[in-house]
Amino acid sequence: MDKTYQPANIETSWYQTWEDKNYFAPSGEGEAYSMVIPPPNVTGSLHMGHAFQHTIMDTLVRYQRMQGKNTLWQVGTDHAGIATQMIVERKLAAETGQTKHDLGRDAFMDKIWEWKEESGGNITRQMRRLGNSVDWSNERFTMDPKFQASVEEAFISLYDEGLIYRGKRLVNWDPKLQTAISDLEVESKEIKGKMWYLRYPLADGVTTDAGDDYIVVATTRPETMFGDTAVAVNAADPRFQSIIGKEIILPLVGRRIPIIADDHANMEKGTGCVKITPAHDFNDYEVGKRRKLPMINVLTFTADIREIGQGFNSDGTLNSEINCHIPEKYHNMERFAARREVVADFEALGFLVKIEENNMTIPYGDRGGVVIEPMLTDQWFADAKTLAGPTIEAVENGDIKFVPKQYENMFFSWMRDIQDWCISRQLWWGHRIPAFYDAQGKVYVATSESAAREKYNLGTEITLTQDNDVLDTWFSSGLWSFATMGWPEQNDKLETFHPTDTLVTGFDIIFFWVARMMMMSMHLCKDKQGKPQIPFKTVYITGLVRDESGEKMSKTKGNVLDPLDMIDGISLEDLLAKRTGNMMQPQMAEKIRKRTEKEYADGIPAHGTDALRFTLAALASTGRDINWDMKRLEGYRNFCNKIWNAARYVEMNTAGEDCGQNGEEVELSLADRWISSKLQQIEIDVAKHIEEYRLDLAAQTLYDFIWNEYCGWYLELSKPVLWNEEATELQKRGTRRTLVRVLEVIMRLTHPIMPFITEEIWQSIKTLAGVSGDSIMLQSYPKADLSKIDLAAEAEIDWLKGVITGVRNIRGEMGISPAKELTVLINNGSDEDKQRLAANRNFLMKLASLEQITWLNPGDEAPMSSTQLVGKMEVLVPMAGLIDKDAEVSRLNKEIEKLEKEIGRIEGKLGNQKFVANAPEAVVAKEREKIAGFKSSQEKLIEQREKIAAL
RNA sequence: AGGACUAUAGCUCAGUUGGUUAGAGCGCUACCUUGACAUGGUAGAGGUCGGCGAUUCGAAUUCGCCUAGUCCUACCA
């Protein structure tokens, strides 16, 4: 073994071995345990959030595999419709200046597939580097033909049941991407905007009660006024009673529109008069439906002003009666330019009453980043309300559990108020909607044109054309848990592994994905009793990985970290290139450069996969966001090095030696019995923490045991045995056997979190430990043997540690060199102390670095000494020539003061009658015991201090 | 506006059913190249647990209010 831990030397080769030997695939034996990976974007790359989730998933699946389960971790990617199409469009524009329309649909699709081939390996490469034990033999992609068939089947059966329908509705329209998007893809942002108060003149000489021949409406979107089809006032508003039913003449356009009464108009807000534009505002749309108002769409799909509006009736049918005139100067004008013009024209007419500053929230597309436009279009919708019902029940009755539980509330609040889901997208990259239209626009839903003819009995004289649109990516992702396993085909895999056990994902996609997967699975999959099948039993929600100052990592902020850079390291130059290259907002580059140079002046050194995984596990307290801390990563790399060197020590002392592999007789030292005892407790704790999704506690438990107990104490305690020429072969064999066996167990315990280093070490010591097997991956997870718990040994080691630490404390405080071997006297010891001293003299001499230990009997004269207490027993280090009187007095004072504080605190407690009367007996007794101990210690130290001070 | 979460050492975080001398890592101080490891060892320093109040014999832990921050939902003519 190398002297220092070199992760790069071991990681890739072990992964290759595991994969080649197909260890990741289900074993086919034992109880099933399954998980599906949240499918990442096929052309994307993994960020820290993925690394975090993948570490959790891999730890769970490796743990379950070692528990003997038949484990499946289903892997795959999704096609990420909008994101991928955008990238390829941008690439195309940059390379050839062409748009997708220049190429045409088929040729453009070829370009996307090329891009997928080119960049699609990224993710899977990263996953291999992260050590993820996914079942590569069953890798899936949402655009694979088989998956495509599942998507079509789902769509068609939902349509046939009436749960999918098509309609002309107002939807969220992204004018940049020119597609509809769902509510969830809209992000609200606070913005300082303006409110314009516009005068609308009353027609036919009508006046208001106040005598005005106009009314004033307030609006944040003047440019939509071309599409106004009414002005609403509240029926109860005394100011406008007399004009309800009258008309106004819409400025700039000249159209007469009615003044209607509707509760939507709030008397307290604005002027009490609201312009109603049903084709461009969700509230107005509802008003329009209630009041049967016509709708006029005045915007193009790129959100420019149309040359003439499109008129519709409130039911969505064409209305050719209504005047849709738009003044020529506005034709094809961009929406915000049009806004300025409308305001200017109103001002010129004297119709602009005032402008107010207005704080408001504006909807932006989460992908395109431009303001979303409510747009009247034909779209496909899924009846989410109906689909949601059973999923709510499943969470209510505990069939599906969220960890942490508070996310259930979030889930409920959303599901109980769910809106129909717009599932069509005006994109090319995705699953094309399996719907066909005849010349009259009548729709036929089937997998293909010929299937449609057959299903609907259509003759060849009828021409059919397929719907141009594709499905929302989340529609296909919603099928992920079961379509990856072959649904609609009923097969063994589905039967064995569905429902899956655990889903690990982030809270940000609970609605996008988790809820949709629940809806789809419960509607489309039924168990043998016909009961809706849930997709997973537990949803483990992780927090976000943020940067060191708590900010979200994002490309625009330039604070993104690639998990592989943490593993393999990266130079500052390369990191800068990564962060500032190919930016959407190049103006940020300078700021990012400065920040990166400051934080990573020397780039990032390599830490290895195991250290990264251990860090992520150690930070994974459930549901909490993680602020990434590079120092912590360094600490855990050092931990790996520690393990590595401990293993070297073990190997050096056991290789070629008799370690009792064949069950030879051994004699176990106190330390041997103690470490074995401790190990049992650790085995219980770690398994419990993993089962409870507390990987942070599991990691902490392992860290503490390995570093502080095994390395810190046990390895040191093994030296006096192994290096003692007087030790018997039985004793040496006992210690060697314990050394190597405990290490072997530690490796198995730690393997789910740190797969590589544990495999490497396990391989090199397995024979010494008397075990065989091809890989640690396939070994069983350690299980505690309660018969090995030895409380007497633990108590005796505590005593031993007390004496050693006592001497070391004197040494440290008094500045005595560790090289100086000390003489120690033991005073006021009990019979038990005497016995323990006799039994452990060898350990004490070595670990406390002593020259001599002398047991003082009652009446024996003790020299002036520095004192440490172990219980009632005094550990004395003679001061002569070594220790300064004043230093010792001040050391004692420090101790005495500490005890004084504690004694005062407990005295207060015990002096409180209510405490003594009400607290449980055991608690009171414990306090009494404590204070007695503190008092006797304090007395001894005071006595000692007086003696020394008197010198 | 409604809801959720968070606030513990200089920093990043633990603290399970109320009873601990409130812990870990990093950082800090002093000393140490002792035959696994300086990516190390030994000994230390450092916290009135965001604030106020309540319940209790006893609160970091339970409850209420407040402050700060993060997030979600809704509304904004």
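Here is how names work: the chains are called A, B, and so on, in the same order as the sequence lines, proteins then strands, and each is numbered from 1.
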**Report entry** Within 6.0 angstrom of A:Lys801 NZ, more than 12 heavy atoms from elsewhere
**Finding:** yes
Requested in this report: May I ask you to evaluate whether A:Lys3 reaches the phosphate of B:C37, defined as a side-chain N or O under 4.0 Å from OP1 or OP2?
Outcome: yes
Report task. Just call it for A:Lys909: base, sugar-phosphate, or nothing, with non-hydrogen atoms closer than 4.0 Å on any strand. Result -> sugar-phosphate
Query raised in the report: Just how far, in rounded Å, is P of B:G41 from NZ of A:Lys846?
Result: 17 Å
Query raised in the report: Any salt bridge between A:Glu691 and A:Lys688, counting N to O under 4.0 Å?
Result: no
Report task. Measure the distance between the ring centre of A:Trp723 and the centre of the six-membered base ring of B:G35, then answer whether it is under 5.5 Å with planes under 30°. Result -> yes
Query raised in the report: Touch check for A:Lys901, heavy atoms < 4.0 angstrom, all strands: base, sugar-phosphate only, or nothing?
Result: nothing
Report task. Scan A:Asn809 against the nucleic acid and name what it touches under 4.0 Å (heavy atoms): base, sugar-phosphate only, or nothing. Result -> sugar-phosphate
Query raised in the report: What nucleic acid atoms does A:Tyr703 come within less than 4.0 Å of, heavy atoms only: base, sugar-phosphate, or nothing?
Result: sugar-phosphate
Query raised in the report: Side chains of A:Asn653 and A:Glu657: do they bring a donor and an acceptor to under 3.5 Å?
Result: no
Requested in this report: Could you measure between the two C1' atoms, the one in B:G58 and the one in B:A22, and give it in whole Å?
Outcome: 16 Å
Requested in this report: Output yes when at least one side-chain N/O atom of A:Lys642 is less than 4.0 Å from OP1 or OP2 of B:G41, else no.
Outcome: yes
Report task. Quick one: label A:Cys640 by what it contacts on the DNA or RNA (base, sugar-phosphate, nothing), any heavy atom closer than 4.0 Å. Result -> nothing
Query raised in the report: Base, sugar-phosphate, or nothing for A:Glu716, non-hydrogen atoms under 4.0 angstrom?
Result: base
Query raised in the report: Are OP1 or OP2 of B:C11 and a side-chain N or O of A:Asn627 less than 4.0 angstrom apart?
Result: no
Query - Distance, rounded to the nearest Å, where A:Arg632 contributes CZ and B:U39 contributes P - result: 21 Å
Query raised in the report: Angle class for the A:Tyr200/A:Phe346 ring planes (parallel below 30°, perpendicular above 60°, tilted otherwise)?
Result: tilted
Query raised in the report: B:G25 P sits how many Å from A:Asn638 CG, rounded?
Result: 12 Å
Query raised in the report: Is any side-chain N or O of A:Arg546 closer than 4.0 Å to OP1 or OP2 of B:C71?
Result: no
Query raised in the report: Expressed in angstrom and rounded to an integer, what is the separation of A:Ile931 atom CD1 from B:U21 atom P?
Result: 12 Å
Query raised in the report: Which part of the nucleic acid, if any, lies within contact of A:Ser413, taking any heavy atom under 4.0 Å across all strands shown: a base, the sugar-phosphate backbone alone, or nothing?
Result: nothing
Requested in this report: Respond yes when some side-chain nitrogen or oxygen of A:Asn645 is under 4.0 Å from OP1 or OP2 of B:A36, and no when none is.
Outcome: no
Query raised in the report: Contact class for A:Trp196 (heavy atom, under 4.0 Å): base, sugar-phosphate, or nothing?
Result: nothing
Query - Between B:U73 (P) and A:Asp417 (CG): distance, integer Å - result: 12 Å
Query raised in the report: Atom CG of A:Leu847 to atom C1' of B:U42: distance rounded to whole Å?
Result: 12 Å
Query raised in the report: Are OP1 or OP2 of B:G25 and a side-chain N or O of A:Lys631 less than 4.0 angstrom apart?
Result: no
Report task. Name the nucleic acid region contacted by A:Arg905, choosing base, sugar-phosphate or nothing; use a 4.0 angstrom heavy-atom cut-off, strictly under. Result -> sugar-phosphate
Query - Per-nucleotide pairing state of RNA chain B [Watson-Crick or G-U, under 3.5 Å; [ ] pseudoknot-crossing; | other strand] - result: (((((((..((((.....[...)))).(((((.......))))).....(((((..]....))))))))))))....
Requested in this report: Classify the ring geometry between A:Tyr703 and A:Phe639 as parallel (under 30°), tilted (30 to 60°) or perpendicular (over 60°).
Outcome: tilted
Query - Whichever of A:Met410 and A:Cys273 has its nearest RNA chain B nucleotide further upstream toward 5' - result: A:Met410
Query raised in the report: With distance as the sole criterion, do the side chain of A:Arg808 and the base of B:U42 form a donor-acceptor contact below 3.5 Å?
Result: no
Requested in this report: Kindly compute the distance separating NZ (A:Lys894) from CG (A:Leu941), expressed to the nearest 0.5 Å.
Outcome: 13.0 Å
Requested in this report: Report which part of the nucleic acid A:Thr805 touches: base, sugar-phosphate, or nothing (heavy-atom distance under 4.0 Å, all strands).
Outcome: sugar-phosphate
**Report entry** Side chains of A:Asn559 and A:Glu551, donor plus acceptor under 3.5 Å
**Finding:** no
Report summary line: note: A:Glu927, atom CD; B:C57, atom P; distance rounded to Å ~ 17 Å
Report task. For A:Ala917, report the nucleic acid contact type (base, sugar-phosphate, nothing); a contact means any heavy atom under 4.0 Å. Result -> nothing
Query raised in the report: A:Arg891 near the nucleic acid: base, sugar-phosphate alone, or nothing, with a heavy-atom cut-off under 4.0 Å?
Result: nothing
Query - Residue-phosphate contact under 4.0 Å: A:Trp628 side-chain N/O, B:C13 OP1/OP2 - result: no
Report task. Take atom CD of A:Glu921 as the centre, draw a 6.0 Å sphere, and report whether it contains more than 12 heavy atoms from other residues, nucleotides or ligands. Result -> no
**Report entry** Interatomic distance, A:Asn708 CG vs B:A24 P [rounded to whole Å]
**Finding:** 9 Å
Query raised in the report: Given A:Phe705 and A:Asp685, is the side chain to side chain contact (heavy atoms under 4.5 Å, CB included) satisfied, shown in steps?
Result: CA-CA 11 Å; A:Phe705 178 73; A:Asp685 291 346; over 6 Å; no
Report task. With heavy atoms under 4.0 Å as the rule, sort A:Asn283 into base, sugar-phosphate or nothing. Result -> sugar-phosphate
Requested in this report: Classify the nucleic acid contact of A:Leu715 as base, sugar-phosphate or nothing, counting any heavy atom under 4.0 Å across all strands shown.
Outcome: base
Query raised in the report: Would you say the side chain of A:Glu813 and the base of B:A30 hold a donor-acceptor pair, judged only by whether the two atoms sit under 3.5 Å apart?
Result: no
